[in-house]
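Before any comments, here is the structure.
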Amino acid sequence: MIRSLDPPKRLLLGPGPSMVHPRVLQALSTPLIGHLDPAFLAIMNDLQSRLRHLFSTANRMTIALSGTGSAGMEAAIVNVVEPGDAVIVGVNGVFGTRLATVVERCGGTAIRVEAPWGQIIPPDMIETTLRRTGPVKAVALVHAETSTGAWQPIEPIGRLCRDHDTLLIVDAVTSLGGVPVEVDQWSIDVCYSGTQKCLSCPPGLAPLTVSARAMDAISRRRTPCRSWYLDLSLIADYWAEGTRAYHHTAPISMLYALHEALCLIEEEGLPARFARHRLNGDALVAGLAALDLPPLPLDEHRLPMLTCVTVPAHIDEAAVRQQLLQTFGIEIGGGLGPLKGKVWRIGLMGESSTEANVLMLLNAVEELFIRSGWLSTPGHALQAATRIYNRGL
Ligand SMILES: *Cc1c(COP(=O)(O)O)cnc(C)c1O
């Protein structure tokens, strides 16, 4: 029996959760106020305007949904899709596959546009499909495919969706806060994220923004949303300043934490934050390449905050991950689905994205490779990473 909570100290360099800043942990222990208290309304308003800045949008309906990133995914689909609707879904990894599943569970038809895992969905494949299928309700894509490290271009697809008068739904769970997410400029209609990736907050909320166009489509549904808990027309009445109607009790402490995480993001500044993710991602990739661990996606489609590298067959990848955790207290991720046993997924998200963490991980991997006889001379990975850090000097 665990009589008092004392989890081990870990350095979180997996696909989420990421490290959390002490100020965010402190915010979690702030005394509660009621979720209908006028003072809480002021916090919600401020949180909304910070989220709008982060999503680069003027959307009124910009909120933090109760639940993890998957709740954001489910809300996006269950509100937009009615039974019989067709939705084009980009499928090139775990999360695109899930999007298609959710569309089908909502009674929709998922038209899958597939690409091999590790690659992006070419925008012209979406265009061809839009032309071939005729009107569809929406196109749904994953911006940052966390299962493969692929970075999906969204802007050209946003233009296509406008031309074909279809809604664009984008999963920005891993991308938000690590690379630009330009909701208005890219014509995204529904965009959702999660708190435990590049926002460096514990899991539990799904930032969500919905365009007026999409809210209009939702209000014109022929059938009520099949989920009562995630019904955005009801949730909008809680977040709207005029109504503030009780729907469900807001997870107050989580909203405190997200608010503090957004303050930290604004203090750093988005351009500096994106540059930090890019630099540390590049240094990690250079270091891993020196250990013969090449990235899965092409360089131009490689995410900075999630590095997916192929591990050669002679290396016992699961044993190394276990040693990293047990000996060094470092968590990294393994492969999912068809990539199980073949790749590592290393997250440098939010607070986890630092030079010290990159060098610590590379050093630990080198050490374990030497102990197992897979490497004879140490130092190459750190040298390669250091060259990236010294690039600008
Ligand atoms: C993590 C993740 C999700 C799911 O988020 P949870 O917080 O685990 O529910 C969805 N999409 C992508 C791209 C993710 O990386």
Side-chain angles (χ1 to χ4, degrees), residues 12-20 55 63-78 89-103 105 110 115 117-121 139-154 157 168-179 181 183 188 190-209 227 229-230 251 254-255 257-258 261 277 281 296-297 301-308 331-337 339 343-350 352-353:
L12 300 175
L13 303 181
S18 56
M19 299 304 281
V20 175
F55 277 119
I63 63 167
L65 207 65
S66 310
T68 63
S70 304
M73 180 186 286
E74 191 133 347
I77 302 298
V78 78
V89 185
V91 178
N92 54 348
V94 165
F95 295 101
T97 305
R98 274 195 193 173
L99 268 170
T101 304
V102 178
V103 166
R105 288 208 182 185
W117 288 38
Q119 297 183 20
I120 59 157
I121 309 289
V139 172
L141 290 164
V142 179
H143 189 207
E145 183 45 86
T146 320
S147 61
T148 67
W151 188 356
Q152 177 68 42
I154 300 296
I157 297 171
L168 176 58
I169 298 170
V170 172
D171 177 318
V173 175
T174 284
S175 54
L176 192 70
V179 294
V181 176
V183 166
I188 301 173
V190 185
C191 191
Y192 58 87
S193 189
T195 40
Q196 79 276 20
K197 312 239 170 141
C198 287
L199 305 186
S200 264
C201 189
L205 291 174
L208 170 82
T209 186
S227 168
Y229 193 74
L230 296 174
M254 276 310 302
L255 288 161
L258 176 59
H277 281 87
L296 182 67
H301 301 142
R302 179 172 61 72
L303 287 166
M305 78 290 280
L306 193 283
T307 296
C308 183
E331 177 180 281
I332 66 168
L336 299 175
L339 297 178
V343 300
W344 283 339
R345 293 180 304 139
I346 301 163
L348 295 172
M349 302 178 178
S352 297
S353 177

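Owing to the predicted nature of the structure, the values given are computational and were not obtained by experimental measurement. In each ligand, atom 1 is the first atom listed, and ligand 1 is the first ligand listed. Hydrogens, waters and symmetry mates play no part in the numbers below; they use all other heavy atoms, side chains included. In this chain, residues are counted from 1 in sequence order.
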Show the nearest heavy-atom pair for residues [X] and [Y], with the distance to one decimal.
X	Y	answer
Ser352	Met19	OG-N, 3.0 Å
Cys308	Pro297	O-CD, 4.0 Å
Pro207	Leu205	CD-O, 3.6 Å
Ala76	Tyr192	CB-CD2, 3.8 Å
Ile120	Trp151	CG2-O, 3.3 Å

Review point. Applying a heavy-atom distance cut-off of 4.0 Å, which protein residues contact ligand 1?
Key: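 Within 4.0 Å of ligand 1, protein side: Thr68, Gly69, Ser70, Phe95, Val142, Ala144, Thr146, Asp171, Val173, Thr174, Gln196, Lys197.
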Exercise for review: State, yes or no, whether a side-chain contact exists between Leu176 and His143 at a heavy-atom distance under 4.5 Å.
Suggested key: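 No, side chains not in contact.
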